[in-house]
Amino acid sequence: MSLALLQEATINFGPLAAIGAGLAAIGGGIGVGKIGAAAMEAMARQPEMQGKLQGSAIVLIAFIEAVALFGIVVAFLAT
Amino acid sequence: MDNPLVSPELGLIFWTTLSFAILLFILKKFAWKPILGAITEREEGIKDALASAEKAKLEMENLTADNERILKEARAEREALLKEAREIKNKMISDAKDEAQIQAGKMIEQAKTAIESEKKAAMAELKNQVAELSVDIAEKVVRAELSNKDRQLKLVEDILEEATLN
Amino acid sequence: MNVYLHRILHKVFLIEKLMQINTFKTFLLSLFLTISFFGYAVEIKEGNIDKTEDEKPFNVKDLIFHHITDSHSFHVYGNTEDHFPKALTISLPVLLWTENGLVTFMSSEFHHDVEGKTIVERKGLKFINLHEKIYQLNDGVSVVEFDKQTHPTNAARPADFSITKNVFSMFLSMILLLFIFITAARSYKKSSSNMPSGIGKFMEPIIVFIRDEVAIPNIGEKKYEKYMPFLLTIFFFIWINNVMGLIPFFPFSSNLSGNISFTFTLATITFIITLFSSRKYYWKHILWMPGLPVPMKLFLMPIEIIGMFVKPIALMIRLFANITAGHVIILSLISLIFILNTIWVAPLSVLFSLFISVIEVLVVAIQAYIFTMLSALYFGQALEEEH
């Protein structure tokens with residue numbers, strides 16, 4: 001009886017997973033924001049480097065984003 | 001691993017692999033190779049054209065430089081020629097001047113000598129004439145004077161006196 | 001009821017007060033308040049809905065899952081659950097590899113049943129469709145039973161090679177790609193000066209971009225040519241499937257590039273190519289990092305080995321999660337109309353989903369670019385020689 005209850009209790013990870021995914025999104029958002037800000041500033045300082053900066057900023061954002069997405073996928077796995 | 005979103009399905013993996021392999025094979029053979037080949041060929045063509053244009057430009061520049069050089073040389077030559085001519089002219093003038101001077105000097109010299117000789121001759125003649133005249137005068141005087149003895153003596157005396165005075 | 005009315009009146013008063021201050025702020029605020037207003041409206045209504053039995057409550061999660069997961073039939077329009085007369089569903093072939101050999105039948109045999117009630121018998125085996133997964137019932141069983149977590153207890157999954165909605169979509173993308181690029185290649189051949197025309201003219205800058213901005217800087221001037229076919233194929237394959245997923249009607253709209261099986265396969269192909277093109281320096285870098293003291297080398301070795309696998313996993317998850325997230329956002333915005341149960345939120349939903357769709361058009365191209373770019377980067381790392 002108590003074991004069954006425990007099992008029942010451990011099934012619903014939904015809300016916790018949602019909070020986890022939210023935290024992952026916050027982390028990713030901060031990272032991407034910092035990259036974006038730095039890239040913008042660099043572009044404003046050296047407009048002739050815009051193409052190169054854009055390319056590397058996108059790749060860096062992809063790396064940061066991957067970390068946040070890992071969190072979200074782990075949240076998926078938990079539900 | 002319950003979530004259907006994150007559990008891979010064998011069937012889809014199989015079909016994806018197959019599709020991708022077929023796509024890669026066909027596109028590689030019938031699309032990427034001809035397209036990339038054509039792009040590369042065209043780029044090579046453009047590069048070649050640019051290189052030859054550059055070469056032509058260089059040649060053109062060389063040609064212009066050559067022309068410039070020749071022109072410069074010609075100009076220098078002309079300059080030199082003109083300079084030489086001017087020098088020759090100046091020299092000729094100065095030579096002529098010198099010649100004339102020398103000639104004039106010579107003529108003056110000749111004239112001077114002629115004058116001198118003339119003068120000498122004139123002097124000699126004058127002396128002769130004076131001598132004759134004086135002899136004549138002296139003869140006449142002596143004739144007149146020597147008629148009287150006293151006077152003769154006196155003359156001798158005067159002359160002597162004069163002579164000693166000299 | 002009275003309390004709600006009071007709150008609404010209070011908010012209207014607030015809006016009027018704000019009107020005089022700042023028009024833009026007011027706009028945003030009123031937008032927000034409109035949504036919360038409808039929220040209240042639904043709360044009022046929900047009380048009535050719960051009492052009526054025949055109308056099922058709207059389940060967003062089910063709807064979204066139904067749209068982003070794979071399925072054995074292609075739903076074109078209409079409501080299949082109620083056997084709505086106008087519903088149109090394209091049935092797709094089911095191919096199963098079982099102990100009795102290959103079993104094939106059309107998915108229409110299930111009659112849109114995804115609860116496992118309709119049983120299809122072929123070659124003496126019984127099959128059911130349980131939430132778009134085909135299960136084979138054990139011998140002598142005629143009704144499927146479930147455990148507490150709704151897993152079937154007396155059925156197992158055969159190897160399923162069905163032409164599902166995603167596979168159908170993939171074949172369609174293949175045909176489109178072959179058509180586009182073979183036409184493009186032909187247009188080069190036709191012209192005497194290697195100048196493309198038509199679709200080739202549009203595709204050439206993208207091909208040149210992949211070559212000059214992705215392949216050459218990452219792989220190097222000398223070796224990039226060998227990898228160009230792969231990079232171009234993977235870029236256009238991902239891109240066209242992403243774009244096809246964004247188009248919301250038949251024969252497109254399937255979430256192929258947001259399916260983990262698809263991204264898993266592509267990432268695995270990249271990983272295998274990385275391993276095959278790796279040089280001595282790559283392994284030296286992973287197993288025995290040069291220029292470090294021995295304890296540090298021992299410490300870094302497991303990290304580098306994990307990193308070797310994390311790279312393709314990140315590649316897989318990035319594409320899957322980005323595309324799925326895009327679909328989920330658009331579907332959620334549209335679902336807002338049904339959650340709030342009012343037509344008045346529809347303009348807002350449509351406006352927002354249009355906005356997100358426009359962003360998604362950009363995102364799908366960037367995701368295809370990033371997948372290609374990182375693949376090229378990993379190949380470049382594997383090819384690196386000792387300097």
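Reminder, nothing fancy here: chain letters follow the sequence lines and each chain counts from 1.
In the displayed structure, C:F355 atom CZ is contacted under 6.0 Å by at most 12 heavy atoms of other residues, nucleotides or ligands. No more than 12 heavy atoms of other residues, nucleotides or ligands sit less than 6.0 Å from atom CZ of C:F299. A:M40 CE: 12 or fewer foreign heavy atoms inside a 6.0 Å radius.
Of the two parts of C:I317, the backbone and the side chain both hold a non-hydrogen atom closer than 4.5 Å to a non-hydrogen atom of chain A. No part of C:L315 comes within reach of chain A, as not one of its non-hydrogen atoms sits under 4.5 angstrom from that chain. Only the side chain of C:L374 comes within contact range of chain A, with at least one heavy atom under 4.5 Å from a heavy atom of that chain. Of the atoms belonging to C:Q367, it is side-chain heavy atoms, and not backbone ones, that fall under 4.5 Å from chain A.
For residues 50-71 of chain A, the interface with chain C (any heavy-atom pair closer than 4.5 Å) comprises A:G55, A:I58, A:V59, A:A62, A:F63, A:E65, A:A66, A:L69, A:F70, sorted by residue number.
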